[in-house]
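Every chain is numbered from 1, with letters handed out A, B, ... down the list of sequences.
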There are 2 protein chains.
Amino acid sequence: MPSFTEENYLKAIYHLSGSGSQAVLTNEIAEVMHTKAASVTDMIKKLSAKNFISYEKYYGVKITKQGKSEALMVIRKHRLWETFLVEKLRFNWDEVHEIAEQLEHIQSAVLIQKLDEFLGFPTTDPHGEPIPDKHGKIAVPLRQPLHGLAAGYTGTIEAVHDSDSNLLKYLNRIGAVPGKTIKLIGKEEYDESLEVEVDGKRLTISKTVAENILVTA
Amino acid sequence: MPSFTEENYLKAIYHLSGSGSQAVLTNEIAEVMHTKAASVTDMIKKLSAKNFISYEKYYGVKITKQGKSEALMVIRKHRLWETFLVEKLRFNWDEVHEIAEQLEHIQSAVLIQKLDEFLGFPTTDPHGEPIPDKHGKIAVPLRQPLHGLAAGYTGTIEAVHDSDSNLLKYLNRIGAVPGKTIKLIGKEEYDESLEVEVDGKRLTISKTVAENILVTA
DNA sequence: GTAAAAATTTAGACTGGTCTAAAAAATAAT
DNA sequence: ATTATTTTTTAGACCAGTCTAAATTTTTAC
Ligand SMILES: [Mn+2]
Ligand SMILES: [Mn+2]
Ligand SMILES: [Mn+2]
Ligand SMILES: [Mn+2]
């Protein structure tokens, strides 16, 4: 079994690799883990020794089948707990990520199965992210950041990035939540801000915000 | 904030001290923590430096007001999570202790308040143990192990010790659960087994079992 | 009251995870 | 092609928590 810390590394590597396809570099891991490259190299060796990743010196790491499976189980737990916190305990969607970071490491296969059942086998978490099933199968939806699309685009908000509480509070305030239709009216060249229409309301959002809104392709 | 490990030590010391009244010896702690006396001495120094306990060399430790408060919060979380697992996730009462040992260390005051509310502010856990309130106030009930009482005793089962899953399965099978009336018919001198009547049924229980059943005084 | 036994503490070492500073390899610039 | 820069790895250290073995203190036995 991977340790608490190893689970966090595997999750980060999985996400950085685009669900396991590309190789991930040491510095990329260091950045998202808020740690130093030297620490990452140490951990990489441990994960490699346990066959969770394959490692070629100076050329980054690739997650293995086994590592991917572990990562997906942690992601499943994280998203189920977030759903529980919002649906059952009535948390706001901006308050749950940090708590789920802890809950995702509780070890008990039965627990997570019963939790899944209790929640009615949800398919997405409060931020629109898909929840892997008990076999680690996950629906990989086609979607892209709103920033980068051309003016005239119309689509549906599929998910939003969940790690910044202030962003989520803001998105909730302007009604930019998963399921809503969003139109891209125009782009401002100077600061790359976007003129959009969400839920019938016209407003301007910054580049940073637009990068965190994921819409249908 | 105390660490994961420090919380487990504080909880053990609190229980061993009889809710904080008596001093606790190094070897007692080592035994319940499944560790060695040398490790306990090391930890004692850390807990003492943080003012969770007061420590006199060679004469054991006493838990402080602050240490007691921390211990009670961990106990509160443990018992609320056990209640959640049984009441909401439909676990059997013998399956929840180990999982609650992990869940009790999740850090979030809001979480535990919302959980308490979700459960309808329960006052006892699935094994009959009282749940401290958010201020750490706990009802200290008068009760004693069934073993040691005199033949002829009649009373109510208040609680049972919860750390052994096989014991709990057995108690459930014979109907010796909190709330039930229990009569002590007689004692066998040889092995200190007891002849009892639980829920109208006559049966013999061993000394070990009787030590784990807590009844009204 | 001294000796033996038991309990406790110290000394030194190990693992997991982290860090800084220095060395080595890879990439970019000229 | 050599130099300069960036990335990555290694070397050595630290902290939390644990261990074994040895030293110290307390308690028990006679
Ligand atoms: Mn999250
Ligand atoms: Mn985490
Ligand atoms: Mn318990
Ligand atoms: Mn615990």
Checklist entry - Going by an N to O cut-off under 4.0 Å, is there a salt bridge joining E56(A) and K62(A)? => result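 Looking at K62(A) together with E56(A), the answer is no, because their closest N to O distance does not fall below 4.0 Å.
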Next on the checklist: Salt bridge check, D116(B) against R76(B): does any charged N sit closer than 4.0 Å to a carboxylate O?
Outcome noted: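 Salt bridge between R76(B) and D116(B), a charged N being under 4.0 Å from a carboxylate O: yes.
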Heavy-atom donor-acceptor pair, [X] side chain to [Y] backbone, under 3.5 Å:
| X | Y | result |
| --- | --- | --- |
| T64(B) | F52(B) | yes |
| N92(A) | D94(A) | no |
| E6(B) | S3(B) | yes |

Under a 3.5 Å threshold, yes or no: a donor from one side chain and an acceptor from the other, between [X] and [Y]?
| X | Y | answer |
| --- | --- | --- |
| T204(B) | E195(B) | yes |
| H105(A) | E7(A) | yes |
| H78(A) | D125(A) | no |

Checklist entry - Between W81(A) and F84(B), what is the ring plane arrangement, given parallel below 30°, perpendicular above 60°, and tilted in between? => result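 Tilted: the ring planes of W81(A) and F84(B) meet at 30° to 60°.
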Next on the checklist: Give the residues of residues 21-33 of chain A touching DNA chain D, defined as any heavy atom closer than 4.0 Å, sorted by residue number.
Outcome noted: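 Output list: L25(A), T26(A), N27(A).
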Next on the checklist: For a quick check of understanding: with a heavy-atom distance under 4.0 Å over all strands, which category does F4(B) fall into, base, sugar-phosphate or nothing?
Outcome noted: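 Answer is nothing: F4(B) stays at 4.0 Å or more from every strand.
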Checklist entry - Contact class for Y55(B) (heavy atom, under 4.0 Å): base, sugar-phosphate, or nothing? => result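 Here Y55(B) touches the backbone only, sparing every base.
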Next on the checklist: Nearest heavy atom decides the nucleotide; on that basis, is Y58(B) or E6(A) closer to the 5' end of DNA chain C?
Outcome noted: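 Nearer the 5' end of the strand: Y58(B).
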Item to check | Ring center gap for H97(B) and H127(B) short of 6.0 angstrom | outcome: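 No.
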Next on the checklist: Going 5' to 3' along DNA chain D, between which two nucleotides do contacts with chain A fall, using a heavy-atom cut-off of 4.0 Å?
Outcome noted: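 Terminal contacting nucleotides, 5' to 3': dT7(D) to dT10(D).
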Item to check | Interface with DNA chain C, restricted to residues 36-54 of chain A and to heavy atoms under 4.0 Å | outcome: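 Within this stretch, K36(A), A38(A), S39(A), D42(A), M43(A), K46(A) sit under 4.0 Å of the strand.
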Next on the checklist: In whole Å, I'd like the distance from the NE2 atom of H34(A) to the C1' atom of dG17(C).
Outcome noted: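 Rounded to whole Å, this separation is 17 Å.
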Next on the checklist: Run the side-chain contact (heavy atoms from CB on, under 4.5 Å) test on D162(A) and E129(A) for me, step by step, so that the C-alpha distance in whole Å, both residues' side-chain angles and the decisive distance to 0.1 Å come before the verdict.
Outcome noted: CA-CA 9 Å; D162(A) 72 339; E129(A) 300 292 347; over 6 Å; no
Item to check | Any T35(A) side-chain N or O less than 4.0 Å from OP1/OP2 of dC19(C) | outcome: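 Affirmative; the distance criterion is met.
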